[in-house]
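As the structure lists them, so they are numbered: ligands from 1, and atoms in each ligand from 1. If you read the sequence from its start, that first residue is 1, and numbering goes on from there. Below, each value reflects all heavy atoms present in this structure, side chains not excepted, and no hydrogens, waters or symmetry copies.
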Amino acid sequence: MDKKIVFSGIQPTGNIHLGNYLGAIKNWVDMQDKYKNIFCIVNSHAITIKQDPNILKEQTINLACMLLACGISPKKSSLFIQSNIDEHPALAWILDCNIQMGDMSRMTQFKDKSSKNPRNINVGLFNYPALMAADILLYQVDLVPTGSDQKQHIELARNVAIKFNKDYGKCFKVPEPLILQEGARVMGLDNPKVKMSKSIKSPNHAIFLLDSNDEIKRKIKKATTDSNSNIVFDESRVGLYNLLGIYETLSAKSRIQIESEFEGKGYGEFKNTLIDVLIEVLSPFREEYKRLQDNKDYVLNILNDGVESVRPLAKSTYDKAKELVGLL
Ligand code: TRP
């Protein structure tokens with residue numbers, strides 16, 4: 001049986017942190033044998049927020065380096081840059097003409113982002129979900145891995161695919177969301193009540209994949225816990241629960257194993273063990289990232305192979321949609 005096609009998108013903005021890695025990238029790496037994966041660096045989505053052009057270019061390539069360093073394998077998967085395929089915005093236009101203002105206006109992420117950027121509420125930001133639908137529908141995708149914040153956008157992509165197929169004739173596969181594993185939600189180290197985020201600038205909030213071993217050590221040592229001392233999974237002890245969740249995912253041990261490992265031990269020992277595991281997992285990524293940074297041509301070649309591997313499908317889907325709506 002053919003493997004299912006999975007499409008994942010990630011924006012090239014800012015440094016990748018542990019929340020991005022455990023919440024998305026690690027899952028992507030792990031599913032490379034099970035599915036046929038298409039990984040897309042969605043730089044066209046990134047310009048819905050004002051970007052410095054040179055920094056955007058740099059971050060796009062840096063993200064490719066980081067994804068490869070984390071284990072995305074060009075032998076198994078396609079990795080490409082969204083803006084290298086013109087059919088993305090072209091299909092988004094056709095979809096635009098088949099999405100009602102009322103449906104688009106319900107998107108909560110637009111409301112959220114526009115209230116955070118009141119001086120740049122551009123049409124692209126409003127239209128973001130149509131471009132995202134085009135990303136997915138161009139590749140006749142079966143599954144789209146998603147966190148809860150993107151569910152509404154995937155629902156919109158499904159609805160426009162269903163309506164288009166009904167109105168004009170079969171053109172798109174209707175994708176299903178693939179809900180990512182629990183335990184993948186990493187909270188801020190200094191404030192475990194909020195999701196780890198690159199836009200929170202306090203120095204001990206997030207661990208970035210490029211942090212040095214000393215930075216990792218400092219941030220874990222400073223991480224908020226509570227005045228209890230036993231090491232157990234208790235959701236009400238948010239700080240410890242977050243750290244244990246990170247340890248659980250990285251060590252692949254069960255909760256029972258972890259609780260017995262730290263029975264009779266305190267925060268100090270637990271934190272030291274967590275620091276060791278973090279360094280063991282993250283430092284090879286950092287080294288491989290540096291190696292790739294010094295071999296940009298190799299990375300550009302991979303991106304080029306990636307785009308050529310997906311282009312025929314993008315073109316055939318787009319040509320069909322164009323034909324069906326009557327564009328010459
Ligand atoms: N909107 C997604 C995010 O911010 C990124 C994205 C763009 C995406 N196009 C996509 C994700 C297509 C999945 C499929 O996380």
Tyr128 N/O to ligand 1 N/O under 3.5 Å: yes

Atom 11 (C) of ligand 1 [closest protein heavy-atom partner, distance rounded to 0.1 Å]: Gly9 N, 3.6 Å

Centroid-centroid under 6.0 Å between Phe110 and His153 rings: no

Parallel, tilted or perpendicular, as decided by the 30° and 60° cut-offs, for the rings of Tyr139 and His88: tilted

For Phe262, ring pair (Phe, Tyr, Trp, His ring centres under 6.0 Å) partners two or more places apart: Tyr247, Phe270

Donor + acceptor pair across side chains of Thr108, Gln152 (<3.5 Å): yes

Short N or O distance, His153 and ligand 1, threshold 3.5 Å exclusive: no

Residue and atom name of the nearest protein heavy atom (relative to atom 12 (C) of ligand 1), distance in Å to one decimal: Phe7 CE2, 3.5 Å

Check: Gln150 N/O within less than 3.5 Å of ligand 1 N/O: yes

Parallel, tilted or perpendicular, as decided by the 30° and 60° cut-offs, for the rings of Phe7 and Phe80: perpendicular

Atoms in ligand 1 with a heavy atom of Gln11 nearer than 4.0 Å: 4 (O)

Polar side-chain atom of Glu215 near backbone of Ser212 as donor-acceptor pair, under 3.5 Å: yes

Residue pair Tyr267 / Asp226, side-chain donor-acceptor N/O under 3.5 Å: yes

Proximal ligand 1 atoms for His45, defined as those under 4.0 Å from one of its heavy atoms: 7 (C), 9 (N)

Side chain, backbone, both or neither: Val144 near ligand 1, heavy atoms under 4.0 Å: side chain

Thr146, portion touching ligand 1 at heavy-atom distance under 4.0 Å: neither

Identity and distance of the protein heavy atom lying nearest atom 9 (N) of ligand 1: Asp135 OD2, 2.7 Å

